[in-house]
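To keep things clear, I will list the structure first and then write my remarks on it.
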Amino acid sequence: MTGLSRRQFLHVAAAAAAATGIGLDTLSAASACAATAPGALVAGIPTTLQQTIRQGSLVSGRYRALTTGPGEPYLPRTDVLRRAPSAARTAARRSLLYLGHLSDLHVIEAQSPGRIEPMIVQDHSAWGSAFHPQDPLSPHATAAMVQAFSDARYSPLTGAPMSAAIVTGDSADMHSHLELRWYIDLMDGLAVDPATGGPEWQGVQAWSEATWAYRPGDPRGGAFGDYGFPRLPDLLAQAIAAKVESVGLPAPWYAVYGNHDTLLLGTFDISPQLRALAVGGRKSYSVDATAATALEGWASSTSVLSQALAALGLASGSPGFRQVPANEERYLFEQREFMAEHFRTQPTPGPIATASPRRTSRRARRGGRPTSAPASARSGWTPATRSPVPTAPCPSRRCGGCGRSSRSPSATRCSR
């Protein structure tokens, strides 16, 4: 997709889905379902039509809580219409396509030694995305987002079922294979285990040396404590106490690259030192240790010798590190592996793609999903792949389309 931005992709994908990806029979069924959906179904869908999230009152210092605010209704574009809207328009609405959109999920495996959190000490404006106070809750927030899509599987405007969802990049925050798997699995309704380092939290937010970080057990002595961030002594334990469950997206979904999916922090190439650090048993809590090892490979004057010396320092135990349980599943993926992982998933809803017969893997020829595909396969969905409508029955039972379960003999057959 050379020359095509993620934002431009939205326009192209919507047009392509309406023209080729979503069959006319499906659209007709969705329109019939929308036309007869009861008002109670539409009114009960939780969206910003009902309420919004607003900044609340001060809790401590400058730290504020969040609160709910009134909903935001649809506003007629009188600047475009050049006239007052017709009152009859609400009864005539039909959905050509009800599309879900997710972007910049930035799923984070916060205990990974491959993260470079201490760099915010050097320059928070430049390295701000390296650390966030809410990092341990990243998979939980992603699962909640998927739940929200499931709750809104019918359009609150017309009652039409969601036909497809698009994830427009920046899915794995720090190029970790675990982050990539978590994002795919949560989209597909699989549980993920956040206890990647054992039963106790292993990371800067639990270590007293990392005063620069938000340490929920005792935030005193650092910038986050001074700001007024609350003391939440059980937060880290609760974050890894159980698997994070997901209901899965209610429709087939597409995925494209973001800059964080191709470059570290969306900006840098990945150094050999950082690759070694990610799967190793030492995690940095100081900016000096991070800059001297993980970031050594980014210096323009870095030679093979200096990279070797940095790797030697990492292996010999440089100061500013703590021992943590190693996990080989934290390896930093290559760009081709990003594509391949999207084919190792569930039959439904699953990221939608097709593969060239000449480039499918041995696993695919045995009946599994292909493990490689050309770049054009990222959005190559056809109705033969699987039914693009949710399995919830049509309220009217008249349309004959959206009430079909993917397991029903009358439903569109799965090509696998």
Exercise. Considering residues at least two apart in sequence or located in another chain, which fulfil the side chain to side chain contact (heavy atoms under 4.5 Å, CB included) criterion with Gln335?
Worked result: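 Per chain and number, Gln335 pairs via side chain to side chain contact (heavy atoms under 4.5 Å, CB included) with Tyr257, Thr262.
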Exercise. For Gln134, what residues pass the side chain to side chain contact (heavy atoms under 4.5 Å, CB included) criterion, not counting sequence neighbours?
Worked result: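 Scan of Gln134 (side chain to side chain contact (heavy atoms under 4.5 Å, CB included), adjacent residues dropped) gives His132.
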For this session: Measure centre to centre between the rings of His177 and Tyr331, then say whether the value is under 6.0 Å.
Result: yes
Exercise. Among Gln323, Glu117, Gln202, which one satisfies side chain to side chain donor-acceptor pair (under 3.5 Å) with Lys283?
Worked result: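 Result: among Gln323, Glu117, Gln202, Glu117 is the only option passing the side chain to side chain donor-acceptor pair (under 3.5 Å) with Lys283.
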Problem set entry | Under 3.5 Å: donor-acceptor pair, side chain of Arg64, backbone of Gly56 |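 Here the side-chain-to-backbone pair exists.
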By salt bridge (charged side-chain N to carboxylate O under 4.0 Å, His left out) - contacts of [X] (at least two apart):
X	value
Glu337	none
Glu209	Arg322
Arg330	Glu109
Asp261	none

Exercise. Given Trp212, which of Tyr285, Trp207, Phe131 fulfils the ring pair (Phe, Tyr, Trp, His ring centres under 6.0 Å) condition?
Worked result: Phe131
Test of understanding: with ring-ring contact (aromatic ring centres under 6.0 Å, His included), list the residues that count as partners of [X], not counting sequence neighbours.
X	result
His106	His260
Trp201	none
Phe149	none

N/O donor-acceptor pairs under 3.5 Å from side chains in residues 73-84, not counting sequence neighbours:
| residue | atom | partner | partner atom | Å |
| --- | --- | --- | --- | --- |
| Arg77 | NE | Asp79 | OD1 | 2.8 |
| Arg77 | NE | Asp79 | OD2 | 3.4 |
| Arg77 | NH2 | Asp79 | OD2 | 2.8 |
| Arg82 | NE | Asp79 | O | 3.4 |

Exercise. Are any of the side-chain nitrogens in Arg275 or Glu334 under 4.0 Å away from the carboxylate oxygens of its partner?
Worked result: yes
Do the side-chain N and O atoms of [X] and [Y] include a donor-acceptor pair separated by under 3.5 angstrom?
X	Y	answer
Ser284	Thr290	yes
Thr52	Arg54	yes
Asp123	Ser125	yes

For this session: Output all residues satisfying side-chain hydrogen bond (donor to acceptor under 3.5 Å, both in side chains) with His140, sequence neighbours left out; order by chain, then residue number.
Result: none
Identify each donor-acceptor pair in which a side-chain atom of residues 220-245 lies under 3.5 Å from a protein atom, sequence neighbours left out, and give them as a table.
| residue | atom | partner | partner atom | Å |
| --- | --- | --- | --- | --- |
| Arg220 | NE | Asp218 | OD1 | 2.8 |
| Arg220 | NH2 | Asp218 | OD2 | 3.0 |
| Arg231 | NE | Gly217 | O | 3.0 |

